[in-house]
Number of protein chains: 2
Amino acid sequence: MTSRPPRPRERGIPEATVARLPVYLRALQALQDRGTLTVSSEHLASIAGVNSAKLRKDLSHLGSYGTRGVGYEVEYLVYQISRELGLTQDWSVAIVGIGNLGRALANYGGFGTRGFRIAGLLDADPAVVGKTVASLDVRHIDNLEDVVRSKGVSIGVIATPSTSAQGVASRFVEAGVTSILNFAPVVLNVPEGVDVRKVDLSIELQILAFHAQRRADGDSGRGVDRAGLELT
Amino acid sequence: MTSRPPRPRERGIPEATVARLPVYLRALQALQDRGTLTVSSEHLASIAGVNSAKLRKDLSHLGSYGTRGVGYEVEYLVYQISRELGLTQDWSVAIVGIGNLGRALANYGGFGTRGFRIAGLLDADPAVVGKTVASLDVRHIDNLEDVVRSKGVSIGVIATPSTSAQGVASRFVEAGVTSILNFAPVVLNVPEGVDVRKVDLSIELQILAFHAQRRADGDSGRGVDRAGLELT
DNA sequence: ACGTGCTTGTGAAAGCGCGCACAAAGTGGG
DNA sequence: CCCACTTTGTGCGCGCTTTCACAAGCACGT
Ligand SMILES: NC(=O)c1ccc[n+]([C@@H]2O[C@H](COP(=O)([O-])OP(=O)(O)OC[C@H]3O[C@@H](n4cnc5c(N)ncnc54)[C@H](O)[C@@H]3O)[C@@H](O)[C@H]2O)c1
Ligand SMILES: NC(=O)c1ccc[n+]([C@@H]2O[C@H](COP(=O)([O-])OP(=O)(O)OC[C@H]3O[C@@H](n4cnc5c(N)ncnc54)[C@H](O)[C@@H]3O)[C@@H](O)[C@H]2O)c1
């Protein structure tokens, strides 16, 4: 537990930028589908819903891929962002907890499109194990290590009730999975070096409720005009 | 389009704090269920997975509800956070797009527990309209305005394909809904004063892939020990 | 009544992220 | 060849966020 030096900016792209690159990528692919060859930061920014200076600064972290006076070559930029995000390789995903949400995720076509392949579905309920969901058969959770190793799973998705989530996370980690996407409303405890992201619908609703209440508090009679909302 | 003054900190709780209050609330309710009466910032922080100083500063925005030398009274804090987040009143939610995801959301029990009531389900597909999902019958999207008005819907959830999402959002806005939770992978365009939050699974996976790739780049042969990961 | 020990609440410092504004660099027309 | 125009890449200032560190405050035992 040596006290780390104040982050020597390893070789790095800022987190905030990383979180926006997928948005840019999607916008660029939409342009590509429409046959657009080049795009200005202004135009791309408006599609992606961000400030154009921010977009340029974000892209500058990947290198200088634009041409002054012209803009960015769409195809080249798509490739560069894909490469930076690691989408030029395939990622195997395992989903644990094939209930309401797990089934929806398994049936969702949007993952396969961009380098993510669902390699395994796991559940603990005998009534679910053995069933076929999205042309994969649901295996018993005890096979987790097998599935991870044989399919080369590197991303684990947790869609179990929150009581089971920590246990599943630990098993993922033991099996060597270092990237976890968690839908259960609990804080997961994992060793350093394991990356956990959470998706929590209740939190999103509560944040919306907070802002809605604040708006209602201020608006007495008079019309809106309340500004300063942050649109994520 | 008057240029706004540099944000006079209306009367406000920082955004970052608002996003964490629901996490604290959940931790507190777990303590409450276990019969715990008071909790220190250190303890609560470790449950919630944050730094204790941050927790104290967050809570200080709500007022001084702690007792030095003792900690915080769990029940009182639950109430204060609930009130601040607007959970002491009921919020009606309408879900549009009753497909894989919409059905999972409708069947999810976790919403009702905390002030959110699903008041209406809407879809455009004649094969879905009229069906009963989660003991609500699915109405046709043309009834959106009706449903919003008659049920007092204040939060709209969009779970349609991305091609329809903007249209649905606009109809929500026209009907007077100013809080929207969007699952479709598109940037929504809404007038000022409307609050949009998005949940985008593909983006989460891509961020995980980015970090996983970076870890793999550094680790040549030798075991892990890569530090500096930010766990959200 | 008073000291001991624990915990809160917050000032101060450092790090990040955002957006303005502009120089640098390229394009294209004359 | 030069000039007008467009657009990138970035220096800079500002405000938000996080974390440290500690004085102030409270409980409890004696
Ligand atoms: N459904 C939603 O829309 C929704 C919304 C927000 C959050 N969530 C969260 O997502 C999670 C799943 O929700 P759901 O509605 O799909 O629940 P669900 O009850 O329908 O499904 C949970 C599944 O997990 C399985 N399971 C339980 N313990 C397990 C274990 N130890 N190992 C493997 N599988 C196990 C169960 O057999 C079941 O099939 C929950 O934590 C829930 O809070 C769901
Ligand atoms: N299923 C998932 O796990 C998942 C994951 C990530 C993102 N998403 C996104 O969530 C959205 C929904 O996904 P899904 O898998 O449920 O899709 P789906 O095709 O199963 O369901 C979409 C539903 O929306 C309805 N619909 C279409 N146009 C409509 C309109 N104009 N008005 C009302 N209803 C309309 C359709 O009839 C259908 O029932 C998509 O945008 C998808 O990209 C889904």
Side-chain angles (χ1 to χ4, degrees), chain A residues 1 3-10 12-21 23-24 28 36-74 76-77 80 227-232, chain B residues 1 3-21 23-24 28 36-74 76-77 80 228-232:
Chain A
M1 197 71 70
S3 78
R4 233 173 288 142
R7 188 100 74 112
R9 167 65 27 112
E10 331 215 339
I13 298 179
E15 259 313 290
T17 296
V18 173
R20 282 186 295 267
L21 288 179
V23 179
Y24 303 154
L28 284 163
T36 310
L37 295 180
T38 64
V39 66
S40 71
S41 65
E42 199 72 47
H43 185 196
L44 183 54
S46 91
I47 298 174
V50 300
N51 179 296
S52 70
K54 180 152 63 180
L55 170 63
R56 287 196 297 277
K57 191 158 287 182
D58 282 343
L59 294 183
S60 77
H61 290 295
L62 312 187
S64 277
Y65 297 140
T67 307
R68 293 170 192 233
V70 177
Y72 300 88
E73 194 193 333
V74 174
Y76 189 54
L77 206 48
Q80 289 299 340
L229 273 187
E230 297 283 311
L231 306 187
T232 313
Chain B
M1 196 72 68
S3 77
R4 235 174 287 143
R7 187 103 71 118
R9 163 65 29 107
E10 331 216 337
R11 175 180 39 132
I13 298 180
E15 259 312 292
T17 296
V18 172
R20 282 186 296 266
L21 288 180
V23 178
Y24 303 154
L28 286 163
T36 310
L37 295 180
T38 63
V39 66
S40 70
S41 65
E42 199 73 47
H43 186 197
L44 183 54
S46 91
I47 298 175
V50 301
N51 180 298
S52 71
K54 179 151 64 179
L55 171 63
R56 286 197 297 278
K57 189 154 284 181
D58 282 343
L59 293 184
S60 78
H61 290 293
L62 312 186
S64 276
Y65 296 138
T67 308
R68 292 165 193 238
V70 177
Y72 300 87
E73 194 192 336
V74 173
Y76 189 53
L77 205 48
Q80 289 300 339
L229 274 185
E230 297 284 310
L231 307 187
T232 315

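This one's a predicted model, so the numbers in the text were calculated from it and none came from an experiment. Every chain is numbered from 1 and lettered A, B, ... according to where its sequence line falls, protein lines coming before strand lines.
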In this structure, how many angstroms lie between the [atom2] atom of [N] and the [atom1] atom of [X], rounded?
X       : N      : atom1 : atom2 : answer
B:His61 : D:dT18 : NE2   : C1'   : 11 Å
B:Asp58 : C:dT10 : CG    : P     : 13 Å
A:Arg56 : C:dA24 : CZ    : C1'   : 13 Å
A:Glu42 : C:dA21 : CD    : P     : 14 Å
A:Leu55 : D:dT10 : CG    : C1'   : 14 Å

Pairwise distance CD(B:Glu15) to CZ(B:Arg20) - rounded to 0.5 angstrom: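 So the gap between those two atoms works out to 10.5 Å.
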One should read off an interatomic distance between B:Leu77 CG and B:Leu62 CG, to the nearest 0.5 angstrom, of 7.5 Å
Mind checking if B:Thr17 touches a base, just sugar-phosphate, or nothing, with heavy atoms under 4.0 Å?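 Since no nucleic acid heavy atom lies under 4.0 Å of B:Thr17, the category is nothing.
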Across the strands shown, which category fits A:Ala53 at heavy-atom distances under 4.0 angstrom: base, sugar-phosphate, nothing?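 The residue A:Ala53 makes base contact.
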Any chance you could lay out the side chain to side chain contact (heavy atoms under 4.5 Å, CB included) test for B:Ser46 and B:Glu42, step after step, and finish with the verdict? CA-CA 6 Å; B:Ser46 91; B:Glu42 199 73 47; over 6 Å; no
Closest contact, heavy atoms only, A:Val39 versus A:Leu44: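 What the structure gives for the nearest pair is CG2-N, 3.8 Å.
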Hey, does the side-chain of A:Arg68 have a donor or acceptor N/O within less than 3.5 Å of a partner on the base of D:dT7?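 Such a pair does not exist between side chain and base.
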So, does the side chain of B:Lys57 form a donor-acceptor pair with the base of D:dT19 at under 3.5 Å? yes
A:Tyr72 side-chain N/O to D:dG9 phosphate OP1/OP2 under 4.0 Å: yes
If the cut-off is 4.0 Å, is A:Arg20 near the phosphate of C:dC18, judged by side-chain N/O to OP1 or OP2? yes
